[in-house]
Amino acid sequence: IPELGVETPQPEELRVELNPISGERPLTAITYRIFQERDLIRTFSIEPHKLLSYLFALEDSYQQVPYHNKLHRADVCQSMHVLLNSSGIKDVFNEFEILAAIFAAVVHDVHHPGLTNPFLIKTKSDLAILYNNESVLENHHIAVAFKLLQADERNIFSNLSAEQMETLRRRVVDMVLATDMAKHKTLLADFQNLLEAKKMSGNDYLTLESYDDRILVLKNMIHCADLSNMTKPLDTYSKWIDRLMVEFWKQGDAERDLGLDISPMCVRSPTTKDKHQIGFINSFVHPLWETWGSLVYPDANTILETLAQNREWHEASLAALTSSTTDNS
Ligand SMILES: C=CNC(=O)N1CCc2c(sc(NC(=O)Cc3ccccc3)c2C(=O)OC=C)C1
């Protein structure tokens with residue numbers, strides 16, 4: 001498969017043509033490139049025009065929300081691509097698992113309404129009724145992703161056997177469901193138990209035999225990719241937070257208008273952003289990345305340092321805010 005996806009006598013002209021697409025279509029550009037780099041198109045005889053049609057449809061299947069949009073999906077897809085190459089697990093996963101992992105990352109938030117599961121549940125939304133309050137958003141993302149595959153011109157897996165398709169679907173469902181924040185504590189505890197057991201067995205590299213052990217690592221990997229904003233350099237990280245806070249504050253306004261309790265991170269106040277980030281990093285992000293860091297040691301050391309610095313930045317910013325408010329109080 002040529003670098004630009006199609007044979008051309010004028011690669012430079014085509015590259016100029018394609019650039020605006022990668023600007024408007026970051027998800028398609030990034031995902032297509034990753035499929036190429038990992039040779040997935042050739043290995044699974046994926047027809048390039050079907051891959052582009054599917055990615056375009058995926059990119060166009062979204063609601064106008066500031067954070068949970070195609071940029072976030074492109075970001076998680078790229079982060080997954082990097083995490084799959086971490087030392088200690090680089091040669092663990094086979095091409096089928098890699099196909100499932102990249103696909104799960106690119107579809108994991110498709111058609112996200114910009115609202116949280118607790119909100120959808122307490123407002124008795126159609127989605128919560130449809131999915132019986134169980135991982136409401138995540139079930140929706142998976143259903144939309146596979147619905148889009150049903151059109152023949154978008155079925156990128158048409159050359160997989162029925163059995164391969166069944167296993168791929170199982171893996172994608174397992175990974176996307178694992179991005180539900182409500183599953184975090186169990187997912188991380190199982191991951192820590194697995195690593196403890198492996199350490200006890202003494203061999204220094206990770207050997208994963210069972211489907212359950214293998215998918216458990218991939219579930220934690222996509223969960224890490226989904227919560228990787230706080231491990232990025234501050235200027236990138238703060239751009240993500242600003243997008244997310246707009247989404248949360250809009251939800252807070254809706255909760256207020258509906259006479260519902262306002263979720264803590266949706267309260268419009270100067271200290272919410274810092275308080276929520278500090279709490280979220282302490283309860284979810286640091287424990288998860290510390291465990292991941294022990295699996296891929298020393299690959300995640302920089303990430304863990306950046307995470308600590310970002311948390312300190314919020315603590316300093318909160319201290320400055322609260323001292324200034326106490327000053328003039
Ligand atoms: C750039 C910074 N990013 C963040 O601060 N977050 C990432 C996304 C997120 C939260 S808090 C939260 N969600 C909630 O806090 C609501 C909730 C609480 C408990 C169970 C399920 C949902 C989410 C979220 O939904 O992402 C899903 C992976 C915090």
Side-chain angles (χ1 to χ4, degrees), residues 65-84 86 89 101-102 104-110 112 114-118 135 137-138 141 174-192 195 215-245 247-248 251 263-266 272-296 299-314:
V65 290
Y67 178 86
H68 283 107
N69 54 37
K70 55 185 178 176
L71 265 180
H72 168 63
R73 294 207 313 271
D75 176 49
V76 170
C77 192
Q78 192 266 341
S79 299
M80 197 72 174
H81 176 49
V82 170
L83 291 177
L84 279 164
S86 306
I89 60 162
I102 298 293
V106 71
V107 307
H108 88 282
D109 267 349
V110 63
H112 196 294
L115 299 162
T116 62
N117 280 331
S135 297
L137 284 166
E138 293 73 22
H141 305 318
D174 285 345
M175 279 184 262
V176 177
L177 286 181
T179 62
D180 179 356
M181 298 282 290
K183 303 285 194 294
H184 167 81
K185 297 248 183 298
T186 316
L187 184 64
L188 184 54
D190 293 348
F191 190 32
Q192 289 165 338
L195 296 187
I215 201 66
L216 178 59
V217 175
L218 289 172
K219 284 186 203 176
N220 279 278
M221 193 191 293
I222 194 170
H223 189 36
C224 283
D226 198 22
L227 300 181
S228 62
N229 294 160
M230 310 78 177
T231 69
K232 302 284 169 66
L234 188 60
D235 56 335
T236 306
Y237 168 38
S238 54
K239 289 190 183 80
W240 288 118
I241 303 177
D242 291 344
R243 287 169 173 265
L244 185 70
M245 291 320 291
E247 218 170 280
F248 280 162
Q251 176 174 309
S263 311
M265 73 276 195
C266 301
T272 304
K273 181 160 79 172
D274 292 321
K275 272 189 189 154
H276 171 255
Q277 287 302 310
I278 294 163
F280 191 72
I281 289 173
N282 288 336
S283 358
F284 292 95
V285 184
H286 189 259
L288 173 65
W289 276 101
E290 200 174 37
T291 308
W292 180 263
S294 68
L295 170 65
V296 300
D299 250 25
N301 286 1
T302 317
I303 282 179
L304 287 167
E305 278 157 28
T306 310
L307 179 59
Q309 285 158 9
N310 287 339
R311 177 174 43 191
E312 281 150 26
W313 184 81
H314 282 294

Residues that Ser263 engages under side chain to side chain contact (heavy atoms under 4.5 Å, CB included), provided they are two or more places apart: Lys122, Gln251, Glu255, Met265, Cys266
Looking only at heavy atoms, what is the nearest atom pair of Cys224 and Leu288, with distance? SG-CG, 3.7 Å
Can you sort out the partners of Gln192 under side chain to side chain contact (heavy atoms under 4.5 Å, CB included), two or more places apart, ordered by chain and number? Leu188, Thr291
Is the backbone of Val65 close enough, under 3.5 Å, to the side chain of Asn69 for a donor and an acceptor to pair up by distance? yes
CE/Met175 to CG/Asp226 distance, rounded to the nearest 0.5 angstrom? 13.5 Å
Test log, rule side-chain contact (heavy atoms from CB on, under 4.5 Å), inputs Asn117 and Met181: CA-CA 9 Å; Asn117 280 331; Met181 298 282 290; over 6 Å; no
Mind running side chain to side chain donor-acceptor pair (under 3.5 Å) on His72 and Asn229 for me, showing each step along the way? CA-CA 9 Å; His72 168 63; Asn229 294 160; 5.0 Å; no
Could you tell me which residues satisfy side chain to side chain contact (heavy atoms under 4.5 Å, CB included) with Asn282, sequence neighbours excluded, listed by chain and number? Ile278, Arg311
Stepwise side-chain contact (heavy atoms from CB on, under 4.5 Å) check, Phe191 with Leu195: CA-CA 6 Å; Phe191 190 32; Leu195 296 187; 4.1 Å; yes
If I compare all heavy atoms of Thr272 with all of Pro264, which pair ends up nearest, and what's the gap? CG2-O, 3.5 Å
Exercise: identify the closest heavy-atom pair between Ala225 and Ser79: CB-CB, 4.0 Å
One should read off an interatomic distance between Trp289 CH2 and Leu304 CG, to the nearest 0.5 angstrom, of 8.5 Å
Of all pairs that satisfy salt bridge (Lys or Arg N to Asp or Glu O under 4.0 Å), the ones with a partner from residues 234-243, not counting sequence neighbours: Asp242-Lys273
Nearest 0.5 Å please: distance from the CG atom of Leu307 over to the CD atom of Glu312. 10.0 Å
To the nearest 0.5 Å, what is the distance between CG on Leu227 and NE2 on His286? 14.0 Å
Between the main-chain N or O of Ala105 and the side-chain N or O of His108, is there a donor-acceptor pair closer than 3.5 Å? yes
Which pairs, with at least one residue in residues 181-191 and sequence neighbours excluded, count as a salt bridge (Lys or Arg N to Asp or Glu O under 4.0 Å)? Glu134-Lys183, Asp180-Lys183
Identify the two heavy atoms, one from Glu247 and one from Gly114, that lie closest to each other, and give their separation to 0.1 Å. OE2-CA, 3.3 Å
Mind checking salt bridge (charged side-chain N to carboxylate O under 4.0 Å, His left out) for Asp299 and listing every partner two or more places apart, or none if nothing turns up? none
Given Trp292 and Met221, is the side-chain contact (heavy atoms from CB on, under 4.5 Å) satisfied, shown in steps? CA-CA 8 Å; Trp292 180 263; Met221 193 191 293; 3.6 Å; yes
For His112, ring-ring contact (aromatic ring centres under 6.0 Å, His included) partners two or more places apart: His68, His141
Pairs meeting criterion salt bridge (Lys or Arg N to Asp or Glu O under 4.0 Å) with involvement of residues 68-78, two or more places apart: Asp75-Lys232
Rounded to the nearest 0.5 Å, what separates atom CD1 in Ile222 from atom CG in Asp174? 11.0 Å
Residues passing the salt bridge (charged side-chain N to carboxylate O under 4.0 Å, His left out) test with Asp274, sequence neighbours excluded, are none
Nearest 0.5 angstrom please: Ile241 CD1 to Phe248 CZ, how far? 11.0 Å
Could you check Tyr67 against Asp109 for side chain to side chain donor-acceptor pair (under 3.5 Å), going step by step and ending with a plain yes or no? CA-CA 10 Å; Tyr67 178 86; Asp109 267 349; over 6 Å; no
Stepwise, does the side-chain contact (heavy atoms from CB on, under 4.5 Å) test hold for Val76 with Ser228? CA-CA 8 Å; Val76 170; Ser228 62; 5.7 Å; no
Residues forming a side chain to side chain contact (heavy atoms under 4.5 Å, CB included) with Asn310, sequence neighbours excluded: Leu234, Tyr237, Thr306
Nearest heavy-atom approach of Leu218 to Leu84 is CD2-CD2, 4.3 Å
Residues two or more places apart in sequence or in another chain: which of them pass side-chain hydrogen bond (donor to acceptor under 3.5 Å, both in side chains) with His223? His184
